[in-house]
Structures are given as structure tokens and as C-alpha cells.
Amino acid sequence: MKLLCALTLLLAVVAAVFHGVHGQNPGLKAKVTEFGLTYGMKVFLSLLKDRAQEIKIPNQSGRADVVIGKVDYQFTNIKMTAFNIGGTSLPVVPREGLRLRANGVSASLNGDWHYSAKVAFIPIRDGGTLGLSISDVSLDVVMRLGKDGQDRPTISVGSCSAHIGDVSVKFHGGASWLYNLFKGAIENTIKNQLNSELCKSVSKAINEDVEKSFAQIRVLEPVGKFADLDLGLLEAPSFQTNFMELPLKGAVVPRDSSITVPVSPGPIPEVPETSRMIYLYGSEYVGNAIANIYHKAGQLRHVLKPKDIPKDLPFKLNTTYLAGLVPKVGELYPDMGVELVLNTSLPPHLSIRPGHATLTGYGNVHVYATPQNKPAIYLFSINVTMDLGAEVKLIGELLYGNVSMDPNKIKITTFGSTVGPVPTFGLDFAIRALCQATVPWINSKGDFLPLKKAKSDNVTVDDFKKNNPLKSSTK
């Protein structure tokens, strides 16, 4: 019966866990504790109760032995008017899977009834409306989770037991006063039918309907326009005493097949914490792989123009200011604007240490004079190495990487000059001002992991001393 099969929709919470590499380390690891499973189930049950009246229940038919003989009955146009679940749990079964337990389930329904029978070889028919109530229903299902050939999760029923406590039918209309006298026989028939069919229906719902939804899970999540994050399973989920662990590939895949990624994930240590709902563990690999791809795709490039410099900075992008550092610039190109073309010379490198994450950038600054209505004139280039402090935080549906800079840790050299020697003394101040203006642009490009369809509260981001993974958790 579809009404009772609706209980299996609780398993949708498991599917949500998976939204949002053999013999190797995972790039990401997710741990969902019993707190997380229980919370997800409560949210789903609340939605299920709100939408109970929208559940479509198919027509039911059967045959019952009553005083007047064998009666063939049909219940049609069935609509749910009330739906309640007394208690539920979704505990972890170590080394096996998840156990869905529901008890005290009850529902009230209205519909139409029709019957046909033969009394002394005389065919009789009648019909009317009915009220049907089902109560004290219990269900115990063990679900096994695995991995398919496309690295998506799979689900199947390991065992199932169910019990229908009570069924009550009240007929209205027609000769209902007569049929209500022997409705007990019909109620027993319906109860026996439900007891024998409930686990079959639940198993079908899980093995087919929920499994189909798992098969539609998207394992590649876009990271901008040039890379995807492979969130497929590295291996089947594992089940410990009070949590489920999902080793995700976490592989960063370039969309351009000619780009290679020369970094690989390191081991992620086991962490015994289970006080929060969900834990997400990541390593330096994800950030460094993304940086490699975007560097090789030529996307870590930015043109800084005079209008981009904040007005409160003493540094100005024009040849008049630059002449104070390189006098020949003022002599050859007076009263012109200056544009700076910034690009990485090597991929940025992320390093996570206890209490701190550092992003080391390697870049070039190419300096151009920009006369009005004429092509830009190349002047010289500066090689810059700097360390940026990195902070990871969650804003809405995006996990952001936010950077900060210590201007005292910038190293510069010059090369390729067309205006004679360029002293580095004095450029230090200008480059620091330049970097302070550029950091906001870097942060504007900082979203790297979308967490769609997930509302997260009380999120913390920590790190570990061993092997430098990053940990995010939520209550």
C-alpha cells in the first residue's frame, strides 16, 4: 500500500548526504554521525507530515468471507486526512549499514467503497463512502549501502520486518448499516494483506525508487569554468558504532584534457570526534590542484588600471608617480596613465599548518604606459613572491577561501626593462600598496566549493597537525 510505502521516503535523507580512487587516498572525507542522520530524518518527517494529503494512494481491492458469502470489494479515490509517526530512529549498524525504525505510525483516510457478491445465486452490488484508519504500525529495515561502477552510492534492503497493529473501517451510504455489522472480517482481510505486503512494498521502494534517485546523483561538481570536483565514492561507505563515513574521491579534474595536475592527495587521519552532525575533511591537495589548473589555463591574470586604485592610497598609476621611482619613465612618457598586467609565474601553493594556512603566490607584474588613443607601451617587469594568509569560511551555499597579506613578506626583483635600470628600492612601497589593492580582487574570486541545497548552521573550520588536512564540521 502506497501510504505505508511513504515511510520509506525517510531514506531520502540518506540520498541528501551524498549531494553536496582505488588504492589511493581520498581528497575529501565526509563523516555523518547519528546526530546528523537523526536531524535529517526529523526534517524530512516534518515535510512528510505537511505534504501527507498530497500523497497519491492507489485503489485497493480484495475478497473477504462474511456472513452473506464471499464479497469482492474495492476502495477508490482514497485520500489521506491525517498522518502521524510516534517514534523513529536511524541508527548505524556497524559494518553493515543503516537501520530504519518507525513505530506508532497511524493514518486516517477517506474514500469510496464498492462491493459485489452473490447471495443465493443473486448478484448484488452496493457502494458508498468509507473511513479507514490504520494504527500501531511498526517497521524495522536494515539498509546496505555500496558503490556502483560510476562511483555513485547504491542502496538495497538487507532485512525487513513489519507489523500492522490495527485496521478499522467505517462504511457510510448504501446499506452501510448492514455491512458495518460484519466489517471485522473485512478489517482482518485488509490487515493480513498489509502485513504480508508491507515489507515487499518497502523493499521495492528502496531497491528501485531510492536506488534510482541515487543513480541520478551528479558526482562532478563545477569549480568555476575550468575544473570539476569529483565527489564520487572512492570506496563503499563504512559504518562504525555511531557514524557513517564516506571516502570521497575529491579529485580535481581539468576540463581541458591537455592540462595535467602534478599533485595528489595525502592521507587523511582518523579523527574520533562524533559530537557534531557532519564532518568534512579536506587536504591541501584540493586547493593546490585547483591552483595548478587555473594557472595552466591562463586564468590567474588581472589587469590593474588607474581607476582600480583606491583614492585613499598614496600610490597612483601614472607616469608622474612612477617617475619618482624610475626617472627615465617621466622623461620618455610624461603625463600618461599606467596599467599593470598581473599574472602568476608558477601555480600558487597552499600549505596548511596548525592554526594557520598559507598561500604562497609567484607572479609577474608587467608595467605599461598608456598614452591616449594609442597602443600601450611596455616599460619593465617585476617578479613578486608573497605569502598570503588563508581563511576558509562558509557563506550561504559557498565555501570561500579568503586571503590576507603581510606586506613585509613580499620579495621583488625586476627584469626586461626598456627604460634602463629599475631600482627595487622604492618599488617595495609601491608593490605593497598594489598588493593591498589586489587582495580584494583575489577574495572576489575565492568561492571554490558550492554546497547546494544545504543549509548549514554553527559551522567550524579547523585544521590538524598531521598530514595537514582541513576539517569542517557542523552541529
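Note that the coordinates shown come from a computational prediction; the quantities given were computed from them, not determined experimentally.
Between the side chain of Ser213 and the backbone N or O of Val210 there is at least one donor-acceptor pair closer than 3.5 Å. No side-chain donor-acceptor contact under 3.5 Å links Ser89 to the backbone of Pro91. With hydrogens and angles ignored, the 3.5 Å screen pairs no side-chain donor or acceptor of Lys316 with any backbone N or O of Pro306. Remark: side-chain polar atoms of Arg99 are not paired, donor with acceptor, to backbone N or O of Val93 under 3.5 angstrom. For Ser156 (side chain) and Asn207 (main-chain N/O), no donor-acceptor pair under 3.5 Å exists by modelled atom type. Side chain of Asn288 to backbone of Leu350: a donor-acceptor contact under 3.5 angstrom is found. A donor-acceptor distance shorter than 3.5 angstrom exists from the side chain of Asn192 to the backbone of Asn188, with no hydrogens or angles considered. A donor-acceptor contact shorter than 3.5 Å links the side chain of Glu187 to the backbone of Val169. Between the side chain of Asp209 and the main chain of Ile206, no donor-acceptor pair closer than 3.5 Å is present. In terms of modelled atom types and a separation under 3.5 Å, the side chain of Thr33 and the main chain of Arg276 share a donor-acceptor contact.
Residue pairs satisfying the ring pair (Phe, Tyr, Trp, His ring centres under 6.0 Å) criterion with at least one member in residues 84-105, sequence neighbours excluded, are absent.
Arg144 pairs by the salt bridge (charged side-chain N to carboxylate O under 4.0 Å, His left out) definition with Glu96, not counting sequence neighbours. Tyr378 pairs by the ring pair (Phe, Tyr, Trp, His ring centres under 6.0 Å) definition with Tyr368, not counting sequence neighbours. Applying the side chain to side chain contact (heavy atoms under 4.5 Å, CB included) criterion to Asn242, with sequence neighbours excluded, gives Glu34, Thr274. Annotation: side chain to side chain contact (heavy atoms under 4.5 Å, CB included) contacts of Thr154 (sequence neighbours excluded): Asp148, Glu211.
Of all the heavy atoms in Asn383 and Phe415, the pair that sits closest is N-CE2, 3.9 Å. Contact detail for Thr370 and Val338: the closest heavy-atom pair is OG1-N, 3.7 Å. The two residues Gly131 and Asn110 have their closest heavy-atom pair at CA-OD1, 3.9 Å. Summarising the geometry of Gly224 relative to Arg255, their closest heavy-atom pair is O-NH2, 3.5 Å, with the distance given to 0.1 Å. Smallest separation of non-hydrogen atoms from Leu317 and Leu304: CD1-O, 3.7 Å. Of all the heavy atoms in Cys199 and Ser161, the pair that sits closest is SG-N, 3.5 Å.
Atom SG of Cys160 and atom NZ of Lys200 lie 11.5 Å apart (nearest 0.5 Å). We find the NE2-OG distance between His163 and Ser138 to be 6.0 Å, quoted to the nearest 0.5 Å. For the atom pair Leu229 CG and Leu248 CG, the distance stands at 8.5 Å (nearest 0.5 Å). Here the OG-CG distance, from Ser133 to Leu109, works out to 8.5 Å after rounding to the nearest 0.5 Å. Rounded to the nearest 0.5 angstrom, Met143 CE and Leu90 CG are separated by 5.0 Å. Remark: Phe35 CZ to Phe243 CZ distance equals 13.0 Å, nearest 0.5 Å.
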Go through the steps for Lys29 and Glu245 under the test side-chain contact (heavy atoms from CB on, under 4.5 Å), then give the verdict.
CA-CA 7 Å; Lys29 185 186 290 186; Glu245 198 165 66; 3.5 Å; yes
Take Val137 and Leu198 through the test side-chain contact (heavy atoms from CB on, under 4.5 Å) and record every step on the way to the result.
CA-CA 10 Å; Val137 179; Leu198 181 55; 4.3 Å; yes
Between Arg152 and Val219, does the side-chain contact (heavy atoms from CB on, under 4.5 Å) criterion hold? Intermediate values first, please.
CA-CA 7 Å; Arg152 295 184 176 91; Val219 296; 3.6 Å; yes
Are Thr360 and Asp387 close enough, and set up right, to give a side chain to side chain donor-acceptor pair (under 3.5 Å), and what steps lead you there?
CA-CA 4 Å; Thr360 302; Asp387 288 341; 2.9 Å; yes
Determine whether Leu233 and Lys147 satisfy the following criterion, side-chain contact (heavy atoms from CB on, under 4.5 Å), listing intermediate values before the conclusion.
CA-CA 7 Å; Leu233 289 170; Lys147 180 178 78 76; 3.5 Å; yes
Using residues 340-349 as the side-chain source, report each donor-acceptor pair under 3.5 Å to any protein atom, sequence neighbours left out, with the distance given to one decimal.
unit_1: Asn343; atom_1: OD1; unit_2: His366; atom_2: NE2; d: 3.1
unit_1: Thr344; atom_1: OG1; unit_2: His295; atom_2: ND1; d: 2.6
unit_1: Ser345; atom_1: OG; unit_2: Tyr362; atom_2: O; d: 3.2

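Annotation: side chain of Val263 is in contact with side chain of Asn292 (closest heavy-atom distance under 4.5 Å). Pro254 places a side-chain heavy atom less than 4.5 Å from the side chain of Val261. Taking 4.5 Å as the limit, every side-chain heavy atom of Ser238 sits out of range of all side-chain heavy atoms of Met244. Residues Val105 and Leu139 have side chains not in contact (no heavy-atom distance under 4.5 Å, counting atoms from C-beta outward). Considering only heavy atoms from C-beta on, Val92 stays 4.5 Å or farther from Thr241 through its side chain. When side chains are defined from C-beta on, Thr88 does not count as touching Thr38, because their heavy atoms never get closer than 4.5 Å. Annotation: side chain of Val223 is not in contact with side chain of Val252 (no heavy-atom distance under 4.5 Å). Contact of the Thr414 side chain with the Thr424 side chain is registered, since non-hydrogen atoms from C-beta on lie closer than 4.5 Å.
For the residue pair Asn364/Ser381, the side-chain donor-acceptor check at 3.5 Å is not satisfied.
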